[in-house]
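Accompanying notes for the structure given below.
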Amino acid sequence: MWFPLETIVAWAKRKGFVYSWSDIYGGLANAWDYGPYGVQLKKNIQDLRWQTFVQERSDMIGMDAQILMHPKTWEASGHTENFDDPLIDDKNTGERFRADQIIEEKIEVDKLSLEDVKKYGAENLVPESRTFEQMHDFIVNEIPKNPSSKKLAEWTEVRKFEMMFYTYQGVVHDAENKIWLRPETAQGMFVNFRNVLDTTRMRVPFGIAQVGKAFRNEITPGNFLFRTREFEQMEIEYFVENDTEIGMQAFEEWKEESMRWRKDIIGFKAENLKFREHEKDELAFYSKGTFDVEYHYPRGWGELQGVAYRTDYDLTQHQNTSGQNMQYSDPQTGKRYIPHVIEPSFGLSRTVLAAMIDAYEEEKYTDQNGKEATRIVARFNKHIAPIKFAILPLIKKDEKQVEIAETLFKKLSKKYMCEYDDGGAIGKRYRRQDEIGTPFCITIDHQSCDDGTVTIRHRDSMEQERVKLEEVENFMG
Ligand code: GAP
């Protein structure tokens with residue numbers, strides 16, 4: 001069952017997963033800060049990605065490049081020239097739309113065929129493949145009304161909107177000192193390719209992983225954490241021999257690994273995940289293929305992660321722009337070549353969003369008085385749950401119970417995020433933990449003082465069992 005996004009947003013704000021950005025100053029639509037549970041959820045996802053793909057693999061290493069990279073980086077990558085969106089304004093309302101997006105919606109909703117759109121110069125149904133003039137003609141003729149106000153629009157021309165944020169380095173604010181905030185983390189790994197080869201024993205095939213902030217001046221941010229202007233990525237660049245057959249094999253492996261990580265390691269529901277292969281006309285000229293891992297968000301299927309086979313394009317571009325040799329020399333065969341690259345690009349912010357959607361449930365149950373009740377329960381996989389154990393002394397005035405509870409908290413919190421809660425009726429404390437997705441609640445009661453046992457309550461089944469204090473930790477597996 002899917003809950004509306006508004007329900008997820010309200011819960012995430014109420015429980016301290018996410019806060020509205022700078023809200024004492026009125027906030028800003030579609031910008032968010034992570035609260036205490038959100039930051040922990042994000043960290044757990046990030047750590048598991050690192051553990052699976054860096055720590056547990058001998059063919060992978062990690063690195064961390066600066067957000068402000070050398071401006072030539074973006075010339076080489078093509079971002080300074082091509083990283084923009086087509087924009088159109090409705091003069092009547094002052095609203096701004098992405099031209100390709102409103103065209104796409106029109107084609108989808110009205111189920112337009114290629115024949116219908118050919119008169120606007122379309123060779124296919126992909127809106128981005130049209131010129132600005134063709135997009136403008138299409139919109140003026142086919143979308144006369146403003147999509148949000150539903151009133152007659154007065155459309156401007158379609159214009160280019162640069163999506164990279166920039167600032168200035170040093171005291172003088174002129175073109176020479178202009179420097180961009182990276183719109184993706186990927187380039188940090190390409191520009192350090194030679195450094196990795198020179199300073200480690202990595203040999204092709206090998207990969208580099210990074211995690212960090214990226215910035216895009218999105219025209220239409222929205223859908224909560226799905227599209228924001230500041231977000232985090234966990235990208236990998238995996239270098240293989242410049243041979244398409246070898247490259248395709250690695251591409252398939254990374255596709256499967258990406259899906260396996262989402263299902264088996266961070267525990268997303270299989271029915272909420274699928275692949276979408278990019279059509280030939282969606283691919284860049286150098287690409288041999290791209291798959292998105294899609295997630296079923298409340299508004300429908302959408303991208304969660306990309307896996308792209310980018311050939312030798314990026315390293316060749318950096319070689320040409322920097323004049324530095326990006327060739328790899330195979331120590332066994334002596335063959336010299338620019339490696340091909342497979343890029344699994346995990347969005348961290350979108351994975352946090354999907355984790356919250358995947359976990360959230362409103363469940364009906366019968367309470368201890370036999371009455372029907374509803375509880376909100378976040379069924380996070382225990383490894384990504386923000387808090388693993390809640391430690392609950394039944395009676396906070398009982399010194400012995402408090403002593404056992406405090407000692408247990410000290411011990412468990414060396415390894416796991418725990419919460420100590422001695423406030424209110426035990427049922428209420430359980431509900432509080434269910435709502436933030438804590439898999440195990442440990443209650444210390446009078447029997448604990450006599451025999452050193454505690455009750456452990458399981459979030460999903462609500463079942464309780466009595467275990468020895470020393471055994472509690474085993475539940476994390
Ligand atoms: N280096 C390739 C690259 O950046 P992308 O498809 O533009 O490819 C990769 O981005 C991932 O980054 C997406 O699958 C998504 O998870 C995340 N992402 C991209 N733009 C985003 C935004 N504005 N807000 C949140 N996440 C975003």
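Atoms within a ligand are numbered from 1 in the order they appear, just like the ligands themselves. Here the structure is a predicted model, which is why all the values come from computation and not from measurement. Atoms considered below: every heavy atom in the structure, side chains included; atoms not considered: hydrogens, waters and symmetry mates.
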- Message: Show the atoms of ligand 1 that are less than 4.0 angstrom away from any heavy atom in Leu304.
- Response: 14 (O), 16 (O)
- In this structure, atom 8 (O) of ligand 1 is nearest to the protein heavy atom Ser345 OG, 4.0 Å
- Message: If only side-chain N and O atoms count, and only distance matters, is there a donor-acceptor pair under 3.5 Å linking Tyr37 with Glu419?
- Response: yes
- Message: Check for me whether the distance between the ring centres of Tyr19 and Tyr34 falls short of 6.0 Å.
- Response: no
- Establish, from distance only, whether the side-chain atoms of Glu363 and Thr374 form a donor-acceptor pair under 3.5 Å. no
- Query: Can you tell me the protein heavy atom closest to atom 25 (C) of ligand 1 and the distance?
  - Reply: Phe226 O, 3.1 Å
- Donor-acceptor side-chain pairing of Asn195 and Asn192 below 3.5 angstrom: yes
- How does Arg229 reach ligand 1, if at all, at less than 4.0 Å between non-hydrogen atoms: by side chain, backbone, both, or neither? neither
- List every atom of ligand 1 that sits less than 4.0 Å from any heavy atom of Gly347, numbering the atoms from 1 in the order shown and giving each element. 16 (O), 17 (C)
- Task: Classify the contact between Ala186 and ligand 1 as side chain, backbone, both or neither, using a heavy-atom distance cut-off of under 4.0 Å.
- Result: side chain
- Note on the structure: for atom 18 (N) of ligand 1, nearest protein heavy atom and its distance come out as Phe231 CE1, 3.5 Å
- Output the list of atoms in ligand 1 that are nearer than 4.0 Å to some heavy atom of Gln305, sorted by atom number. 14 (O)
- atom 5 (P) of ligand 1: which of Arg350, Glu235, Arg216 has the nearest heavy atom? Arg216
- Query: In this structure, are over 12 heavy atoms from other groups packed under 6.0 Å from Gln249 atom CD?
  - Reply: no
- Under 4.0 Å from any heavy atom of Thr228, which atoms of ligand 1 are there? 22 (C), 23 (N), 24 (N)
- Message: Can you name the atoms of ligand 1, numbered from 1 with element, that are less than 4.0 Å from a heavy atom of Glu218?
- Response: 22 (C), 23 (N)
- Donor + acceptor pair across side chains of Thr438, Arg432 (<3.5 Å): no
- Query: Are Ser113 and Glu115 linked by a side-chain donor-acceptor pair shorter than 3.5 Å?
  - Reply: no
- Of the side chain and backbone of Asp292, name the one, both, or neither that has a heavy atom under 4.0 Å from an atom of ligand 1. neither
- Message: So is Phe346 touching ligand 1 or not, going by heavy atoms under 4.0 Å?
- Response: no
- Note on the structure: heavy-atom search around atom 13 (C) of ligand 1 in the protein gives Glu303 OE2, 3.3 Å
- Item | With Tyr309, the side-chain hydrogen bond (donor to acceptor under 3.5 Å, both in side chains) member among Glu343, Lys255, His340 | His340
- If we ignore angles and hydrogens, is there a donor and acceptor under 3.5 Å between the side chains of Gln305 and Asp292? no
- When you look for heavy atoms under 4.0 Å from ligand 1, do you find them on the side chain of Gln233, its backbone, both, or neither? side chain
- Any N or O of Glu343 closer than 3.5 Å to N or O of ligand 1: yes
- For the residue pair Phe190 and Phe239, does the interplanar ring angle fall in the parallel (under 30°), tilted (30 to 60°) or perpendicular (over 60°) class? perpendicular
